[in-house]
Amino acid sequence: MAVFSFSSWSQTAKEIVVESDKSMRGDSSFSELTMRIIRPTWSRTMSMKSWTKGQDLSLVLVTAPAKDKGSASLKRQKEMWNWIPNIERIVKIAPSMLGQSWMGSDFTNDDLINQSSIVVDYTHELLGEDMFDGQKTWVIDAFAKPDAPVVWSKVKLWISKEDYLQRKVEFYDEFDEKVNTMQTFDIKKLGGRMVATRMEMIPADKEGHKTEMVTHQAQFDFDIGDNFFSQSQMKALRD
């Protein structure tokens with residue numbers, strides 16, 4: 001990784017992270033995605049729809065396969081719930097469960113529902129510049145604030161200097177051990193914004209394990225009420 005003098009940067013690490021957060025989600029967002037969970041001897045695919053509003057509201061609905069269809073995850077502020085249609089039950093996700101696998105994938109509950117905010121719950125340090133997938137990136141360390149309700153104690157980000165998209169992210173536990181690496185590819189314009197349409201999450205200690213997320217459609221900055229992000233809506237949503 002190439003490191004340059006700090007005087008060459010006009011933005012602080014915090015400003016870059018804030019701009020990155022805005023570029024990827026906007027004031028509101030909707031996306032249709034496919035998730036493929038890859039294991040050494042098998043793989044399985046799920047289809048999903050996702051809605052967000054600001055940093056505090058998000059909802060994910062599973063639309064396929066049939067056995068998982070209708071399952072949903074809701075986040076409001078610092079709280080999260082899962083709706084399990086097979087047993088018609090809403091399960092509240094305790095803070096201790098945020099680091100657990102979401103639907104058997106390599107993404108955690110926290111990753112999928114944006115429970116922790118890289119903007120609010122972390123401090124930021126600009127380390128230098130690097131290349132990723134042919135793009136120049138800023139490299140930033142984000143350290144969890146004391147008592148922040150987050151899964152990762154440190155997150156290292158490679159943020160594109162061209163469009164502020166997160167191109168690579170490394171997630172570290174409280175022992176400063178790398179747990180997962182996320183990488184993004186296939187930048188395309190969707191909904192008037194540049195979007196990394198393919199994302200890979202790769203665990204550090206599980207050979208042959210990977211989860212791939214592909215975005216097919218996306219919309220941004222539309223009107224959506226806070227009441228959409230409710231337990232009743234989570235139960236009522238259909239494909």
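In what follows, every heavy atom counts, from backbone to side chain, and hydrogens, waters and symmetry copies are set aside.
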Quiz item: Without hydrogens or angle criteria, can the side chains of Thr184 and Arg167 be said to hold a donor-acceptor pair below 3.5 Å?
Solution: yes
Exercise. Inspect the surroundings of NZ in Lys235 and state if more than 12 heavy atoms from other residues, nucleotides or ligands are less than 6.0 Å away.
Key: no
Quiz item: So, Thr211 side chain and Asp106 main chain: donor-acceptor pair closer than 3.5 Å or not?
Solution: yes
Counting only pairs under 3.5 Å, give me each side-chain donor-acceptor contact of residues 214-225, with atom names and distances, residues two or more places apart or in other chains.
| unit_1 | atom_1 | unit_2 | atom_2 | d |
| --- | --- | --- | --- | --- |
| His216 | NE2 | Thr34 | OG1 | 2.6 |
| Asp221 | OD1 | Asp27 | N | 2.7 |
| Asp221 | OD2 | Arg193 | NH2 | 2.9 |

Practice problem: Can you measure from CZ (Arg89) to CG (Asn86) and round to the nearest 0.5 angstrom? | Solution: 13.0 Å
Practice problem: May I ask you to test the His209-Pro40 pair for a side-chain heavy-atom distance under 4.5 Å? | Solution: yes
Quiz prompt | Side-chain H-bond candidate by donor/acceptor type, Ser73 with Asn82, under 3.5 Å | solution = yes
Practice problem: Could you tell me whether a side-chain N or O of Ser47 sits under 3.5 Å from a main-chain N or O of Thr63, the two making a donor and an acceptor? | Solution: no
Quiz prompt | Side chains of Ile159 and Thr137 in contact at under 4.5 Å (non-hydrogen atoms) | solution = no
Quiz item: Between Ser117 (side chain) and Asp121 (backbone), is there a donor-acceptor pair under 3.5 Å?
Solution: no
Self-check item: Nearest non-hydrogen partners of Lys156 and Asp141, listed with the distance
Solution: CE-OD1, 2.9 Å
Quiz item: Going through the checks in order, is the side-chain contact (heavy atoms from CB on, under 4.5 Å) test met by Ile118 and Val17?
Solution: CA-CA 8 Å; Ile118 196 69; Val17 170; 3.8 Å; yes
Practice problem: Measure the CE-CD1 distance between Met182 and Ile202 for me, rounded to the nearest 0.5 Å. | Solution: 11.0 Å
Self-check item: Set of side chain to side chain contact (heavy atoms under 4.5 Å, CB included) partners for Gln100, sequence neighbours left out
Solution: Met97, Asn109
Practice problem: Answer yes or no: does atom CD of Glu88 have more than 12 heavy-atom neighbours from other residues, nucleotides or ligands under 6.0 Å? | Solution: no
Self-check item: Euclidean distance, Tyr122 OH relative to Lys145 NZ, rounded to 0.5 Å
Solution: 11.5 Å
Quiz item: Do Thr197 and Phe185 come within less than 4.5 Å of each other through their side chains, counting heavy atoms only?
Solution: no
Quiz item: Looking at His124 and Ala142, what are the two nearest heavy atoms and their distance?
Solution: CD2-CB, 3.9 Å
Quiz prompt | Pairwise side-chain contact, Ile140 with Glu125, heavy-atom cut-off 4.5 Å (strictly under) | solution = no
Quiz item: Is there a side-chain contact between Arg198 and Met213 (heavy atoms, below 4.5 Å)?
Solution: no
Self-check item: Nearest atoms (heavy-atom pairs only) where Pro65 meets Met46
Solution: CD-CG, 3.7 Å
Quiz prompt | Check: Asp111/Trp102 side-chain N/O donor and acceptor closer than 3.5 Å | solution = no
Quiz item: Quick one: do Glu129 and Lys136 make a salt bridge, cutoff under 4.0 Å?
Solution: no
Quiz item: Does Ile87 sit in a hydrophobic cluster with other residues, and if so which ones, taking ILVMFWY side chains as linked at heavy-atom separations under 4.5 Å, directly or through other members?
Solution: Ile84, Val91
Practice problem: Give a yes or no answer on whether the side chain of Ser20 reaches the backbone of Tyr164 with a donor-acceptor pair at less than 3.5 Å. | Solution: yes
Self-check item: Check against side-chain contact (heavy atoms from CB on, under 4.5 Å), Leu157 and Val139
Solution: CA-CA 6 Å; Leu157 306 111; Val139 184; over 6 Å; no
Quiz item: Glu170 and Thr181: side-chain donor and acceptor closer than 3.5 Å?
Solution: no
Practice problem: Determine the minimum heavy-atom distance between Pro149 and Leu98, stating which atoms define it. | Solution: O-CD1, 4.4 Å
Exercise. Give every residue pair that meets the salt bridge (charged side-chain N to carboxylate O under 4.0 Å, His left out) criterion with at least one member in residues 14-23, sequence neighbours excluded.
Key: Asp21-Arg25
Quiz item: Would Ile93 and Trp152 show up in the same hydrophobic cluster when neighbours are defined by side-chain heavy atoms closer than 4.5 Å?
Solution: yes
Quiz item: Does Phe107 share a hydrophobic cluster with Ile38, counting links as ILVMFWY side-chain heavy atoms below 4.5 Å and allowing steps through other members?
Solution: no
Quiz prompt | Under 3.5 Å: donor-acceptor pair, side chain of Thr45, backbone of Arg36 | solution = no
Quiz prompt | Student check: side-chain heavy atoms of Gln55 and Val120 closer than 4.5 Å | solution = yes
Quiz item: Are side-chain N/O atoms of Asp68 and Ser71 paired as donor and acceptor at under 3.5 Å?
Solution: no
Quiz prompt | Common cluster, Ile90/Leu74, ILVMFWY with side-chain heavy-atom separation under 4.5 Å | solution = yes
Self-check item: Within-4.5 Å side-chain heavy-atom neighbours: Ser23 and Leu165
Solution: yes
Exercise. Report yes or no: do Trp81 and Leu59 belong to one cluster of Ile/Leu/Val/Met/Phe/Trp/Tyr joined by side chain heavy-atom distances under 4.5 Å?
Key: yes
Exercise. Output all residues satisfying side chain to side chain contact (heavy atoms under 4.5 Å, CB included) with Pro95, sequence neighbours left out; order by chain, then residue number.
Key: none
Practice problem: Answer with yes or no whether the hydrophobic clustering places Val179 together with Val151; edges join I, L, V, M, F, W, Y residues whose side-chain heavy atoms lie under 4.5 Å apart. | Solution: yes
Exercise. Go through the steps to decide whether Ile37 and Met103 satisfy the test side-chain contact (heavy atoms from CB on, under 4.5 Å), and finish with yes or no.
Key: CA-CA 10 Å; Ile37 303 167; Met103 301 290 289; 5.5 Å; no
Practice problem: First locate atom CZ of Phe228, then atom CE of Met234, and finally report the distance between them rounded to the nearest 0.5 Å. | Solution: 11.5 Å
Exercise. Write down the atom of Ser50, the atom of Val60, and the distance for their closest heavy-atom approach.
Key: OG-CG2, 4.0 Å
Quiz item: How long is the span from the OG atom in Ser160 to the NZ atom in Lys168, to the nearest 0.5 Å?
Solution: 15.0 Å
Self-check item: Side chain Ser230, main chain Asn227, donor-acceptor under 3.5 Å
Solution: yes
Quiz prompt | side-chain contact (heavy atoms from CB on, under 4.5 Å) between Phe229 and Thr52, worked out | solution = CA-CA 9 Å; Phe229 301 89; Thr52 71; 5.6 Å; no
Quiz prompt | Side chain to side chain, Trp138 and Lys161, heavy atoms closer than 4.5 Å | solution = yes
Quiz item: With sequence neighbours left out, what residues match Asp56 under salt bridge (Lys or Arg N to Asp or Glu O under 4.0 Å)?
Solution: none
Quiz item: Can you name the nearest heavy-atom pair linking Tyr172 to Asp176, along with the distance?
Solution: CD2-O, 3.6 Å
Exercise. Please find out if less than 6.0 Å separates the ring center of Trp158 from that of Phe132.
Key: no
Quiz prompt | Spacing of Met35 atom CE and Met48 atom CE [to the nearest 0.5 Å] | solution = 4.0 Å
